[in-house]
Amino acid sequence: MQLRIPGPTPCPEEVLQAQTRQMINHRGKDFAELIVRLTQQLKTFFQTTNDIYILTGSGTGGLEAAVVNTLSPGDKVLGISIGSFGDRFAEIARQYGADVNRIDFEWGTAADPDKVKQVLKKDGPFRAVLVTHNETSTGVTNDLAEISKVVKETDSLLLVDGVSSVGSIDLPVDRWQCDVVITGSQKGWMTPPGLTMLSMSQDAWRAFEQAKMPRFYWDLGKARRFLEEKKQTPWTPAISTLYALGIGMDMMEKETLPKIIERHTRTGAAARAAVKSLGLTLFAEEAHASNTVTAINGPQGVDVKKMLQLMREEYGVVLSGGQSRLEGKIFRIGHLGWVSEADIEEVKRVLQSALARVAPTRSAA
Ligand SMILES: *Cc1c(COP(=O)(O)O)cnc(C)c1O
């Protein structure tokens, strides 16, 4: 099977093997070494000297941790949304009682930093701005450098969903002054699901001291105390996934971050070229098209679900459909983590065959 969805992503054999190792005591010496090493290693890929925490949970848990550790009920925040993950981040803040103002951009487009600037001026000040770096549901990467500039002209915190970009698309956390950045093990890390990793700036920690939202499992104060004092996590961590992440990151270190980013740039470009060469159109505006996921408009007269089923059952290639309001309308190719241009070639070949079968008249034209 070729799993070409934007998470979980395929894992190299060495990473899978790491998961078969025997358990260790999470209150013992071996674990202390493991958690310290992995936490340190992550800083290279986050391009930061900020604190990093590895928490057991999925990316959404990381988003929730970012919100509840920096905000209080009633805090005015700005949720920038360009798709369903932007909606989710804003919704978490709303559920916990933040006063969420929203700027929504048309799905398939990126957030316009000038519009964000206007809203910050007109409706601010905001305690925090919530933004998705790479919107996996629409295949769009926001111009985070520019968004950060306008946000950092104010006193607002910048909370960034980098779940499908950290370690694959350039996201220099320190240079772009991002206060909290969240990612997940099953995206660009060539690792199975189970862990969410996030960075906390000094300003984020200052906000933490004031933050009154209820929290228990996601309390980063506890995570910080356990890591500093005991080199442990407060709760039992996903030890097998930590083993896997260690091997995945060793492989990433060998390749180096600049080369990984370059590989994703090439693979992203290859995916877009492949799609267009088959006469299909991109859902995302091309200037902001993502290098980790490509969203494609369902061709006219084609039942997208049937086409994906055919690709899966007869060719062993698994792609994603559309999420929420894009269900049945688009499909997506995931190309993050363990991926090469040859993988994209394979997807193209299979997509071409499947299209010829589900829309014979179209391909004859
Ligand atoms: C996958 C993803 C999430 C959610 O991650 P889960 O691990 O499924 O909770 C959040 N944001 C983005 C941008 C994602 O790609």
Less than 4.0 angstrom from a charged side-chain N to a carboxylate O is my criterion; do [X] and [Y] meet it?
X      : Y      : result
Arg215 : Glu64  : no
Glu209 : Arg224 : yes
Glu346 : Arg349 : yes
Arg206 : Asp203 : yes
Asp303 : Lys305 : no
Arg357 : Glu314 : yes
Asp112 : Lys117 : no
Lys149 : Glu146 : yes
Lys152 : Asp179 : yes

Query raised in the report: Do Ile169 and Val181 share a hydrophobic cluster (ILVMFWY, side-chain heavy atoms under 4.5 Å, transitive)?
Result: no
Query raised in the report: According to a 4.5 Å side-chain heavy-atom criterion applied to Ile, Leu, Val, Met, Phe, Trp and Tyr, with indirect links allowed, do Val318 and Val293 form part of one hydrophobic cluster?
Result: no
Report summary line: When Thr267, Thr292, Thr294 are each screened for side-chain hydrogen bond (donor to acceptor under 3.5 Å, both in side chains) with His335, the one that passes is Thr294
**Report entry** Worked verdict on Trp218 versus Thr196 for side-chain contact (heavy atoms from CB on, under 4.5 Å)
**Finding:** CA-CA 11 Å; Trp218 297 121; Thr196 177; 4.3 Å; yes
Report summary line: For Lys76 and Asp123 the tightest heavy-atom approach is NZ-O, 2.5 Å
Can you give the donor-acceptor pairs under 3.5 Å from side chains of residues 229-237 to other protein atoms, not counting sequence neighbours?
unit_1: Gln232; atom_1: OE1; unit_2: Arg27; atom_2: NH1; d: 2.9
unit_1: Thr233; atom_1: OG1; unit_2: Trp235; atom_2: O; d: 2.8
unit_1: Trp235; atom_1: NE1; unit_2: Tyr217; atom_2: O; d: 2.8

Query raised in the report: Should Lys348 and Leu278 count as side-chain neighbours, where that means a heavy-atom distance under 4.5 Å?
Result: yes
Query raised in the report: So do the side chains of Asp75 and Lys212 get within less than 4.5 Å of each other, counting heavy atoms only?
Result: no
